[in-house]
Enquirer: 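Take a look at this one; I'll ask things after.
For the numbers below, each heavy atom of this structure counts, side chains included, while hydrogens, waters and symmetry mates do not. All residue numbers in this chain count up from 1 along the given sequence.
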Amino acid sequence: MDTTQPGDGSAQRRAVESRAVAWLAARRDLIDPAQAAPDRVLFARKALLETAFLVGLRARLDPAPLEDDYAALLDTIEDIAARPSYRELIARDEAALLLYAGTYAALRLCGREDPEFRSIIQQAAAGGYAAVFERIPYRQLDLLHTLELCDIPHTLPSMADVLPFTLLHNSPNALKLADRDIYALTHTIFYATDFGLRRPHGPRSFDPGAAVELLEALLVLTRSQGNADLVGELLCCLLCLGVRDSEEAGRAWEFLLSVQEDEGRVNGPEGVVHPGLTDGDGDDDYRHWATGYHTTIVAALAALLDRSPKVLRTARPAAPECRQEVRQPLRLAVEWLAGTVRRHDPAKWLPAAAAAAHAAEALGEPELTRPLLLDFSERLADADDAVWQAHGMEVVGAFVSGLRAHGITCVSLDGFLKSTAAAVELLDTVPPQAVPSVQRLAGLGLLSPRRAAALAGGDAVPLAPPEPAVGDLPEAWKNYHLGQVAGIVRDLARSGAAAHRLTRDAVGFLLAQQSPCGAFGRPACDAPEDRERAMLSWTQSTVTALAAVHTARGAATRPGGASASFGAGSPGAGSPAR
């Protein structure tokens, strides 16, 4: 989606802002700390600050006079800030300087200068604590940006000095980022770019191409998880970096449009409000506001940034070149798997042997698994059909392909395949879930392609790979479900996203779990038998995933290769998860 083009899209996004601000203005009494219950005062002060910041940005980004709803919000903010009971708290709680300085900055940006308010903030900033106590990097950027908007001098390090210590500057793994980390990333970009009014500067500023790639990867994750708050913030970041030609930005807009309620509210994610504010107190109106005001502000801000003539614009920067090495780790894993699984029951560990054979074929080195295949074919020569039936045609087919690459036969397997093909020939049709097995039989030459197509009820077109459950990656990483991560990586590679940032980060996580011997996984147990079984299972899953990545990346280097972008029907592109 090209968001620079006029038309219905621009009008829809402008309506997002108008409805959101109208909803906020209709509930502006809730940002007044003086009207809040004692246990809600701090929350009201935070909401006041964030609302004020939106209004101040509206004054900066749009030269036109404030519309009625913005003006009503500004009048309320000015009335609250004029009270000694509000502004004099700065001197009594210097650690909360930013909670009040941002309100002053918004008034100043809107032409409502207040010398007395400014004097109190200036005294606190110069008092030897409020501006100098230790903050994490993005909070330090918050302080620097707020003091800049307040036009209050200081002797603190510059933003260029602080940026190298942020998450954004240090190539984090997208899978491992908790919500609080993503907020740190988004706010780093807000402050470093002055909300799109300047380009990040300094000798050690972050790489815009890498930043955009990370933001888009996180948009895929947060959109698939239905988190409108983070989707909105990440979209704002792309706009702050000047990017309008991002497909992921287009999908983010579609998502926000789909979740904004008719009255203008956008619901926030679960947990956005402290449980004490929402636990069965009967105040449904307050709960409705408290769980949605921040996300509604973010949606309005995105629309404001999108339409502002002052926000810088630039072509989407190129992502860094993918140089992730998977061939050697995969080869080492195949060697370990092929050697280790021979010590185990072939009837039980046939999937591991099939995975090793498949990966060796993908590497173009089938000889890596020849000893294993010879051993298993001999030990399974008299196996019952039930052994082969238990593992399904995907495993059996991969094992057969491995055997055929070496001209190895297995009597019981050949008999099973012939009887299976004969049984299938007698059918008129097969259910959809059986189509891949029928296609596998055709691929092995046991059914004609025409017959396979007839049984499938249509043309013999290979089924599309399953949609990757990309939104499950962070939870799978968190719970150390290596098999689940590997399965998602495999599906991503097969769907054409082998070079995508999420795939690369998931592969990076998997590669970091490889031991020098080649096995994958850290079982965190002491019994040798348990350790080996766990590593066999994890390595089996991982070699299948890495083989898919290796094959897909090789194909992508040839003319007409696969794109690293998620398409409209790809992970996270659908309706929000509710």
Enquirer: Are the side chains of L215 and I189 in touch, meaning some heavy atoms are under 4.5 Å apart?
Expert: yes

Enquirer: Do L492 and H500 make a side-chain contact, defined as non-hydrogen atoms from C-beta onward lying under 4.5 Å apart?
Expert: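 L492 does not reach H500 side chain to side chain.
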
Enquirer: Please determine if R135 forms a cation-pi arrangement with F133, meaning its NZ or CZ atom is less than 6.0 Å from the six-membered ring centre and no more than 45° off the ring axis.
Expert: yes

Enquirer: If we ignore hydrogens and angles and just use 3.5 Å, is the side chain of N170 paired with the main-chain N or O of P164 as donor and acceptor?
Expert: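 Confirmed, N170 side chain pairs with P164 backbone.
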
Enquirer: Is there a side-chain contact between Y138 and F190, using heavy atoms and a 4.5 Å cut-off?
Expert: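 No. Closest side-chain heavy atoms not under 4.5 Å.
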
Enquirer: Using modelled atom types only, decide if a donor and an acceptor are shared between the side chain of T186 and the backbone of Y183 within a distance under 3.5 Å.
Expert: yes

Enquirer: Decide yes or no for D62 and R307: does some side-chain heavy atom of the first lie under 4.5 Å from some side-chain heavy atom of the second?
Expert: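 D62 reaches R307 side chain to side chain.
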
Enquirer: Please find out if less than 6.0 Å separates the ring center of F195 from that of F53.
Expert: yes

Enquirer: Could you tell me if the side chain of I90 sits less than 4.5 Å from the side chain of I121, heavy atoms only?
Expert: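 I121 reaches I90 side chain to side chain.
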
Enquirer: Checking side-chain polar atoms at under 3.5 Å, does E17 have a donor or acceptor matched by the opposite partner on Y70?
Expert: yes

Enquirer: Do you know the tightest heavy-atom contact between A106 and A52?
Expert: CB-O, 3.0 Å

Enquirer: Taking the side chain as everything from C-beta on, heavy atoms only, tell me whether I152 gets closer than 4.5 Å to R118.
Expert: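 Contact flag for I152/R118 side chains = yes.
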
Enquirer: Closest approach of P309 and P63, non-hydrogen atoms and distance?
Expert: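 Where P309 meets P63 most closely, the heavy atoms are CG-CD, 4.5 Å.
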
Enquirer: In a check of side chain to side chain contact (heavy atoms under 4.5 Å, CB included) between V266 and each of V231, T296, I297, which one passes?
Expert: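 Filter result, single survivor: T296.
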
Enquirer: Counting only heavy atoms from other residues, nucleotides and ligands, does the tally under 6.0 Å from CG of N479 exceed 12?
Expert: yes

Enquirer: Quick one: does S119's side chain have a donor or acceptor within less than 3.5 Å of a partner on P115's backbone?
Expert: no

Enquirer: So, for Y86 and Y100, is the gap between ring centers shorter than 6.0 Å?
Expert: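 Yes: the rings meet the under 6.0 Å criterion.
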
Enquirer: Check whether any side-chain N or O of D229 sits under 3.5 Å from a backbone N or O of P269 as a donor-acceptor pair, and report yes or no.
Expert: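 Side chain of D229 to backbone of P269, a donor-acceptor pair under 3.5 Å: no, none is there.
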
Enquirer: Taking all non-hydrogen atoms of both residues, which atom of V16 and which atom of Q260 are closest, and how far apart?
Expert: O-NE2, 3.1 Å

Enquirer: Please tell me if the side chains of Y191 and T166 come closer than 4.5 Å, counting only heavy atoms from C-beta onward.
Expert: no

Enquirer: Which residue in the set E113, Q122, R87 passes side-chain hydrogen bond (donor to acceptor under 3.5 Å, both in side chains) when paired with Y104?
Expert: E113

Enquirer: Using only atom types and a distance under 3.5 Å, with no angle test, would you say the side chain of S308 pairs donor to acceptor with the backbone of L304?
Expert: no

Enquirer: Any sub-3.5 Å donor-acceptor pair from R60's side-chain atoms to L57's backbone N or O?
Expert: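 It does not hold such a pair.
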
Enquirer: Side chains of R14 and S18: do they bring a donor and an acceptor to under 3.5 Å?
Expert: yes

Enquirer: Treating T503 as the side-chain partner and A497 as the backbone partner, does any N or O pair qualify as donor plus acceptor under 3.5 Å?
Expert: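 Yes: the side chain of T503 pairs with the backbone of A497.
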
Enquirer: Quick check on K310: does its NZ atom have over 12 non-hydrogen neighbours (other residues, nucleotides or ligands) under 6.0 Å away?
Expert: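 Result for NZ/K310: enclosed.
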
Enquirer: May I ask you to establish whether R27 and Y293 are in a cation-pi arrangement, using a distance under 6.0 Å from NZ or CZ to the six-membered ring centre and at most 45° from the ring axis?
Expert: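 No, a cation-pi geometry is absent between R27 and Y293.
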
Enquirer: Do you know which two heavy atoms are closest between D207 and P320, and how far apart they sit?
Expert: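 Heavy atoms only, the tightest pair is OD2-CG, 4.0 Å.
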
Enquirer: Determine yes or no for a side-chain-to-main-chain donor-acceptor pair under 3.5 angstrom, with D181 supplying the side chain and A178 the backbone.
Expert: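 Yes: the side chain of D181 pairs with the backbone of A178.
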
Enquirer: Are the side chain of D505 and the backbone N or O of L502 linked by a donor-acceptor pair below 3.5 Å?
Expert: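 Not confirmed, D505 side chain does not pair with L502 backbone.
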
Enquirer: Can any side-chain N or O of Q513 pair as donor or acceptor with the backbone N or O of F509 at less than 3.5 Å?
Expert: yes

